[in-house]
Undergrad: 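Just passing along the structure, written as structure tokens.
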Amino acid sequence: MALVRILVDGYSLLHSWPELAPGAARHSERARDELIFVLTKYQDVTGEPITIFFDGAGAPSGAPKNESQRNVEVLFSRRGQKADDMIERAAHRFQAYGEIMVVTDDFAERDTVSGFGGHVASCHNFIRMIENALTGLQDDLRNYNRAEQNRFKRSR
């Protein structure tokens, strides 16, 4: 399935992934930064653009409201607005361009998105997808490096 974008409920994913940034509070800047780092690596492997949504109440003070890059976008909701509402609106709007996937453990949000034809994934399943993709990348790099070393040895 080729996705036009993966929409991630950032705090939902952080709460489901205690191994990520161990010892850091789930709403901390350290945990958010680690999640963004891992999702950026995942995007590099898959090529699928990702938008990560966080509730604005947990936004770091003094940080820019939204951090946009071409393939990994980080958005904070405004005060009084919920990230869930932003995710549902974005999912609905992106559907005109192709398939989207929403990652959350919020059942109401998953029902809403799947109700209008969007794909949904639980946080647990998405974590496994990330781990498999990153493990595959490590294997590919190890095989490539081994082949290059052998090629170099033969050329001498």
Undergrad: What closest approach, in Å, do Ala31 and Leu14 show between heavy atoms, and which atom pair accounts for it?
TA: O-CD2, 3.5 Å
Undergrad: To the nearest 0.5 Å, how far apart are CG in Asp106 and OG in Ser12?
TA: 7.0 Å
Undergrad: Of the non-hydrogen atoms in Ala91 and Val102, which two are nearest, and what is the gap between them?
TA: CB-CG2, 4.0 Å
Undergrad: Measuring from atom CD of Glu34 to atom CD of Glu19, what distance do you get when rounded to the nearest 0.5 angstrom?
TA: 12.0 Å
Undergrad: To the nearest 0.5 angstrom, please state how far the CG atom of Leu39 sits from the CG atom of Asn71.
TA: 13.0 Å
Undergrad: Quick one, Tyr42 with Met129, criterion side-chain contact (heavy atoms from CB on, under 4.5 Å). Give me CA distance, side-chain angles, the key distance, then yes/no.
TA: CA-CA 9 Å; Tyr42 178 74; Met129 289 169 60; 3.5 Å; yes
Undergrad: Please list, chain by chain and in numerical order, all residues satisfying ring-ring contact (aromatic ring centres under 6.0 Å, His included) with Phe53, sequence neighbours excluded.
TA: none
Undergrad: Can you list everything that forms a salt bridge (Lys or Arg N to Asp or Glu O under 4.0 Å) with Asp44? Sequence neighbours excluded, please.
TA: none
Undergrad: Taking only residues two or more places apart in sequence, or in another chain, which ones meet Asp105 in a side chain to side chain donor-acceptor pair (under 3.5 Å)?
TA: Ser16
Undergrad: I'd like to check the salt bridge (Lys or Arg N to Asp or Glu O under 4.0 Å) partners of Arg26; sequence neighbours left out, ordered by chain and number.
TA: none
Undergrad: One pair to check against side-chain contact (heavy atoms from CB on, under 4.5 Å): Asp9 and Asp84. What are the steps and the verdict?
TA: CA-CA 7 Å; Asp9 184 335; Asp84 295 358; 3.3 Å; yes
Undergrad: Would Met101 and Glu48 count as a side-chain contact (heavy atoms from CB on, under 4.5 Å) if you check the C-alpha gap in whole Å, the side-chain angles of each, and the deciding distance to 0.1 Å?
TA: CA-CA 10 Å; Met101 180 172 69; Glu48 296 167 340; 5.8 Å; no
Undergrad: Within a 6.0 Å radius of atom CZ on Phe107, are there more than 12 heavy atoms belonging to other residues, nucleotides or ligands?
TA: no
Undergrad: Could you measure the distance from the CZ atom of Arg128 to the CD atom of Glu131? Nearest 0.5 Å is fine.
TA: 9.5 Å
Undergrad: Treating Arg110 as the side-chain partner and Thr104 as the backbone partner, does any N or O pair qualify as donor plus acceptor under 3.5 Å?
TA: yes
Undergrad: CD of Gln81 to CE of Met86: how many Å apart, nearest 0.5 Å?
TA: 5.5 Å
Undergrad: Taking only residues two or more places apart in sequence or in another chain, which ones pass side chain to side chain donor-acceptor pair (under 3.5 Å) with Arg30?
TA: none
Undergrad: Would Ile130 and Phe126 count as a side-chain contact (heavy atoms from CB on, under 4.5 Å) here? Give the steps.
TA: CA-CA 6 Å; Ile130 292 169; Phe126 190 61; 3.4 Å; yes
Undergrad: Testing Ile50, Ile36, Thr40, Leu35 for side chain to side chain contact (heavy atoms under 4.5 Å, CB included) with Val74, which one passes?
TA: Ile36
Undergrad: Run the ring-ring contact (aromatic ring centres under 6.0 Å, His included) test against His15 and tell me which residues pass, sequence neighbours left out.
TA: His27
Undergrad: For the atom pair CD1 (Ile100) and CG (Leu7), what is the distance rounded to the nearest 0.5 Å?
TA: 5.5 Å
Undergrad: Of all residues at least two apart in sequence or in a different chain, which pass the ring-ring contact (aromatic ring centres under 6.0 Å, His included) check with Phe94?
TA: none
Undergrad: Listing request: all side-chain hydrogen bond (donor to acceptor under 3.5 Å, both in side chains) pairs with a residue in residues 86-95, at least two apart in sequence or in separate chains.
TA: none
Undergrad: Taking the side chain as everything from C-beta on, heavy atoms only, tell me whether Arg5 gets closer than 4.5 Å to Pro49.
TA: yes
